[in-house]
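To start, the structure under review is shown below, and the notes come after it.
This chain uses plain numbering: 1 for the first residue, then up along the sequence.
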Amino acid sequence: MAESPKFSFIVPLYNECEIFPDLKNRLNALMNKIDGTCEVVLVDDGSNDLTPAFMEETGYSDKRYQCVFLSRNFGHQFAVSAGLEFALGDYIMVIDGDLQDPPELFFDFYRKIAEGFDVVYGIRKKRKEGVLKRLAYYLFYRILRGVSSYTIPLDSGDFAMITKRVAKILVKMPEQSRFLRGIRSWVGFRQTGIEYERDARGAGDSKYSLWKLIKLGSDGVFNFSTFPIKLFTVIGIGCICSAVLYFLYTMLRKIIYHDVPAGFPALLFMVILFGGIQLLSIGVIGEYVQRIFLQVKSRPLYIVSKRIENGEEITEF
Ligand code: UDP
Ligand code: MG
């Protein structure tokens with residue numbers, strides 16, 4: 001492409017050949033309506049159906065399409081990350097290949113971006129998925145919000161439009177266990193959400209197996225919360241305190257009523273006390289591991305959004 005486009009659409013694809021023709025039609029129709037140059041970055045996440053063949057054909061015949069083929073299935077979060085690395089647009093929109101998130105929301109997203117937001121994400125108001133899946137999602141986002149060290153927006157996935165500077169920062173974050181919607185919110189800047197109804201899948205089945213979903217969920221909780229490890233410290237301290245209280249209680253009873261059996265209370269006291277000490281020790285080790293984890297994640301220490309130097313504003317850095 002001669003000059004870099006204004007808008008990029010990133011579409012991760014894993015065995016989506018059934019929906020591919022529809023996807024292309026929807027994107028083409030949308031791009032024809034958009035005032036400004038567009039590109040689509042199709043990312044094949046190691047599909048083993050006809051998806052790569054369809055992509056090649058599209059990439060060779062239509063210059064607006066960029067194709068990135070991963071060497072195997074790395075997972076949705078990594079496919080989107082690859083797309084972010086290669087996207088050239090000033091404004092980048094991430095959509096799912098199964099058309100569950102309507103690409104036409106582009107116009108609403110862009111309106112917000114034009115108002116000065118750097119991140120506009122979709123908030124799923126209604127999902128057309130099974131009751132169990134909906135309940136699991138509902139609970140997950142609320143638990144995540146409850147335990148997370150800072151606010152991650154509720155019910156929002158990777159469907160979003162971001163500016164180039166946010167994309168550049170996300171690409172530079174080398175986190176292995178990626179939870180994009182988390183780091184996207186972590187980077188800061190002005191962010192807002194738009195409510196929309198999530199459609200049912202266009203064709204085919206969900207490519208997120210239960211196992212992949214659990215993995216994604218735990219990446220969310222463990223990457224953005226210290227709650228699980230703090231919990232052990234609290235339970236440990238609780239056990240030690242109750243052991244001491246129990247000890248005092250039995251001593252008093254022994255002195256006043258002389259009805260305490262020999263041996264048993266001492267045994268119980270020791271079991272609770274040492275249980276507590278062990279839990280507390282796990283918590284203490286956890287605190288160190290957590291600090292190592294934070295260091296290893298190598299997130300930037302801070303992100304500058306604007307600087308003024310010599311009476312001039314500097315936004316590129
Ligand atoms: N996807 C991917 N790699 C995977 C799983 C999914 O690239 O390992 C893609 C998939 O093709 C789709 C998007 O990620 O475009 C969302 O996946 P899916 O619709 O299966 O997830 P769900 O909507 O059920 O959460
Ligand atoms: Mg889907």
Side-chain angles (χ1 to χ4, degrees), residues 7-13 16 19 22-23 25-27 29-30 33-34 76-77 79-80 83 91-148 150-163 166 170 178-210 212-214 216-217 219-221 224-225:
F7 303 107
S8 296
F9 294 92
I10 295 179
V11 194
L13 297 168
E16 301 287 6
I19 189 119
D22 282 347
L23 173 71
N25 288 340
R26 282 271 284 276
L27 285 173
L30 174 65
K33 275 194 237 156
I34 294 174
H76 177 223
Q77 301 289 300
V80 174
Y91 306 102
I92 298 166
M93 188 163 164
V94 178
I95 58 176
D96 274 359
D98 58 358
L99 295 172
Q100 276 194 290
D101 306 319
E104 292 75 18
L105 235 71
F106 167 89
F107 297 101
D108 296 310
F109 279 15
Y110 185 56
R111 202 168 304 130
K112 287 278 172 202
I113 290 273
E115 280 174 27
F117 287 95
D118 270 82
V119 175
V120 186
Y121 50 84
I123 302 172
R124 297 147 182 180
K125 208 167 53 174
K126 238 192 220 162
R127 284 171 175 271
K128 293 187 182 128
E129 282 155 337
V131 183
L132 257 178
K133 203 168 178 180
R134 283 205 321 252
L135 181 73
Y137 273 114
Y138 182 86
L139 288 177
F140 168 69
Y141 282 111
R142 268 124 203 108
I143 292 174
L144 183 62
R145 165 163 282 197
V147 301
S148 165
Y150 67 98
T151 350
I152 292 179
L154 289 173
D155 301 317
S156 67
D158 295 321
F159 184 38
M161 187 187 272
I162 58 176
T163 55
V166 172
L170 292 183
R178 286 186 100 67
F179 187 64
L180 277 173
R181 59 201 76 166
I183 46 177
R184 186 187 68 208
S185 126
W186 181 89
V187 298
F189 298 108
R190 286 182 72 200
Q191 309 211 354
T192 186
I194 289 182
E195 288 197 339
Y196 73 105
E197 276 186 31
R198 191 158 211 234
D199 295 331
R201 212 170 210 283
D205 296 320
S206 172
K207 303 299 178 294
Y208 257 102
S209 57
L210 180 65
K212 276 187 183 169
L213 269 182
I214 293 175
L216 181 70
D219 280 345
V221 171
F224 290 95
S225 159

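A side-chain donor-acceptor contact under 3.5 Å links Asp98 to the backbone of Gln100.
With values rounded to the nearest 0.5 angstrom, Ser8 atom OG is found 12.0 Å from Met93 atom CE. Atom-to-atom distance recorded for Ile123:CD1 and Ile194:CD1 is 8.5 Å, nearest 0.5 angstrom. For the atom pair CZ of Phe117 and OG1 of Thr192, the computed distance is 4.5 Å after rounding to the nearest 0.5 Å. Here CZ of Arg198 is found 4.0 Å from CZ of Arg124. Values are rounded to the nearest 0.5 Å.
Of all heavy-atom pairs spanning Leu27 and Val11, the tightest one is CD1-CG2, 4.2 Å. The two residues Arg178 and Leu170 come nearest to each other via the heavy atoms NH2-O, 3.1 Å. Of all heavy-atom pairs between Gly83 and Ile10, the closest is C-CD1, 3.3 Å. The two residues His76 and Pro12 have their closest heavy-atom pair at CD2-CG, 3.5 Å.
Looking only at side-chain heavy atoms (C-beta outward), Leu13 and Leu23 come within less than 4.5 Å of each other. Looking at heavy atoms from C-beta onward, Leu216 lies in side-chain contact with Arg181 at the 4.5 angstrom threshold.
In this structure Gln77 satisfies the side-chain hydrogen bond (donor to acceptor under 3.5 Å, both in side chains) test together with Asp158, sequence neighbours excluded. Considering only residues two or more places apart in sequence or on other chains, Phe9 meets the ring-ring contact (aromatic ring centres under 6.0 Å, His included) condition with Phe106. Not counting sequence neighbours, the partners of Asp118 by the side-chain hydrogen bond (donor to acceptor under 3.5 Å, both in side chains) test are Thr163, Arg165. For Glu104, the side-chain hydrogen bond (donor to acceptor under 3.5 Å, both in side chains) partners at least two apart in sequence or on another chain are Arg26. For Ala160, the side chain to side chain contact (heavy atoms under 4.5 Å, CB included) test picks out Tyr121, Arg184, with sequence neighbours left out. Remark: Arg111 engages Phe107, Asp108 in a side chain to side chain contact (heavy atoms under 4.5 Å, CB included) (not counting sequence neighbours).
Using cut-offs of 30° and 60° on the angle between ring planes, the pair Phe109 and Phe159 is tilted.
Between Phe7 and Tyr110, the distance from one ring center to the other falls under 6.0 angstrom.
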